[in-house]
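Small disclaimer: the values here were computed from a predicted structure and weren't measured. Sequential numbering from 1 along the given sequence is applied to the chain's residues. All ligand and atom numbering here is 1-based and tracks the order in the structure.
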Amino acid sequence: MRLLGAHMSIAGGVDKAIDRGMLLGCNAIQIFVKNNNQWFGKPLPDEDIKSFSAKRKDSGILVFGHTGYLINLASINPDNYEKSLRSMREELEKSEALKLPFIVLHPGSHGGQGEEEGIKRVAQSLNQLLKDTAGYKVKIALETTAGQGTGLGYKFEHFKQWFELVSSPERLGVCVDTCHIYAAGYDIKSKTGYKTTWDGFDKLIGFKYLLAFHLNDSKNILGSRVDRHEHIGQGTLGEQVFKRLLNDKNFDHLPMVLETPKDPEMNMDIMNLELLRRLIH
Ligand code: MN
Ligand code: MN
Ligand code: ZN
């Protein structure tokens, strides 16, 4: 059975995300472990953690996390940098308390210091965080980005460096976002581009570090470096690449979740999930 699902809201408590996932027949979901637009959150109530664990066990849904959007592990602003590290520690603590296997993180933006310096600063921050949380089981899954602005992580070479510079690479992983890598210039849409992209990923990073996929179509074209998600089949990627991914033996054990536009009734998720399920052989 494919581990297929969508990002789910935690409004009303983290356990409610599992109710929402069950309603839509998801086998895997992604959640924020706190408000994604704030640096810090309240502690998770014990009852919520218990209820979350019970519902996850009953449903069999695989749940992983996504960090808040303010964190920048490459920041050169001292105040912003200190907050980023503290916020990321809180994300890791909450994820560990919820026994999430990993939490997805945008690697960071170099903000003008240059890519080489930015990449080193991210590695330094990761080393600090992994040291601070030694003994934790939760991994950090670095997400591939579109390369908007001064964003890092739009080339597999950046990840290769992070895996080399980090002292405990076994606690790192990668989450591939289909919209992002296409916008970054990886032509996964063509048959040959698909093969070249994954050969390159395996050579530079290694499939063993690949932990999850974000399935999003793209509003913008190949190499646009613009991050705008579109419903599956309605963007510049089209259905075909999702069909390839969903039936690719290399990836059949990995969770794949939607981050496409949503409505409160989740009708758009239902539509996108129905389409994806239809593409599985
Ligand atoms: Mn993301
Ligand atoms: Mn994503
Ligand atoms: Zn995105």
Side-chain angles (χ1 to χ4, degrees), residues 3-10 17 26 28-38 62-74 84 87-88 91-92 94-95 100-109 122 126 138-156 158-159 162 172-186 188 197 201 205 209-232 234-237 241-242 245 251 254-262 268-269 272-273 276:
L3 291 169
L4 193 60
H7 182 95
M8 287 294 157
S9 162
I10 56 164
C26 298
I29 60 169
Q30 174 179 272
I31 59 167
F32 294 122
V33 296
K34 59 173 211 16
N35 185 315
N36 61 313
N37 289 312
Q38 288 173 8
L62 181 130
V63 188
F64 61 92
H66 192 297
T67 59
Y69 292 143
L70 300 174
I71 297 171
N72 180 11
L73 297 187
S84 292
S87 181
M88 188 59 198
E91 300 272 3
L92 289 168
K94 287 188 157 68
S95 301
L100 305 185
F102 55 88
I103 183 156
V104 177
L105 168 75
H106 299 172
S109 296
V122 170
L126 289 170
V138 63
K139 294 182 181 183
I140 300 172
L142 301 169
E143 180 170 354
T144 59
T145 67
Q148 246 181 210
T150 64
L152 300 163
Y154 64 92
K155 279 184 181 165
F156 297 156
H158 298 177
F159 294 81
W162 287 318
L172 280 193
V174 179
C175 172
V176 168
D177 185 307
T178 53
C179 163
H180 298 176
I181 59 167
Y182 190 61
Y186 290 97
I188 49 172
T197 300
F201 184 97
I205 305 169
Y209 287 118
L210 184 52
L211 297 179
F213 279 93
H214 288 163
L215 299 186
N216 302 311
D217 209 325
S218 173
K219 277 197 196 292
N220 294 85
I221 58 166
L222 174 70
S224 61
R225 306 270 298 263
V226 179
D227 178 6
R228 292 283 179 281
H229 302 183
E230 182 54 280
H231 294 298
I232 304 298
Q234 295 181 27
T236 53
L237 273 170
V241 61
F242 296 100
L245 279 171
F251 310 134
L254 295 173
M256 297 183 173
V257 300
L258 291 163
E259 290 179 324
T260 41
K262 282 175 93 91
M268 293 173 179
D269 281 348
N272 284 307
L273 284 169
L276 290 173

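Separation of the Phe159 and Tyr209 ring centroids does not fall under the 6.0 Å cut-off.
Angle subtended at the Mn ion (ligand 1) by Glu143 OE1 and His66 NE2: 100°, rounded to 10 degrees. Remark: at the Mn ion (ligand 2), atom OE1 from Glu259 and atom OD2 from Asp177 enclose 90°, rounded to the nearest 10 degrees.
Because the distance cut-off is set at 2.8 Å, His214 fails to qualify as a neighbour of the Zn ion (ligand 3), as none of its N, O or S atoms comes that close. Residue His106 counts as close to the Mn ion (ligand 1), with an N, O or S atom under 2.8 Å. Because the distance cut-off is set at 2.8 Å, Cys175 fails to qualify as a neighbour of the Mn ion (ligand 2), as none of its N, O or S atoms comes that close.
Using a 4.5 Å cut-off on side-chain heavy atoms (C-beta onward), Ile71 and Glu91 make contact.
Closest N/O/S atom of His214 to the Mn ion (ligand 2): ND1. Restricting Asp227 to its N/O/S atoms, the shortest distance to the Zn ion (ligand 3) is reached by OD1. With respect to the Zn ion (ligand 3), His229 has NE2 as its nearest N, O or S atom.
A donor-acceptor contact shorter than 3.5 Å is absent between the side chain of Ser218 and the backbone of Leu237. For Thr260 (side chain) and His231 (main-chain N/O), no donor-acceptor pair under 3.5 Å exists by modelled atom type. A donor-acceptor pair is defined here as one N or O able to donate and one able to accept, closer than 3.5 Å; no such pair exists between the side chain of Tyr182 and the backbone of Ser224.
Each of His66, His7, Gln30 was checked for a side chain to side chain donor-acceptor pair (under 3.5 Å) with His214, and the lone residue meeting it is Gln30.
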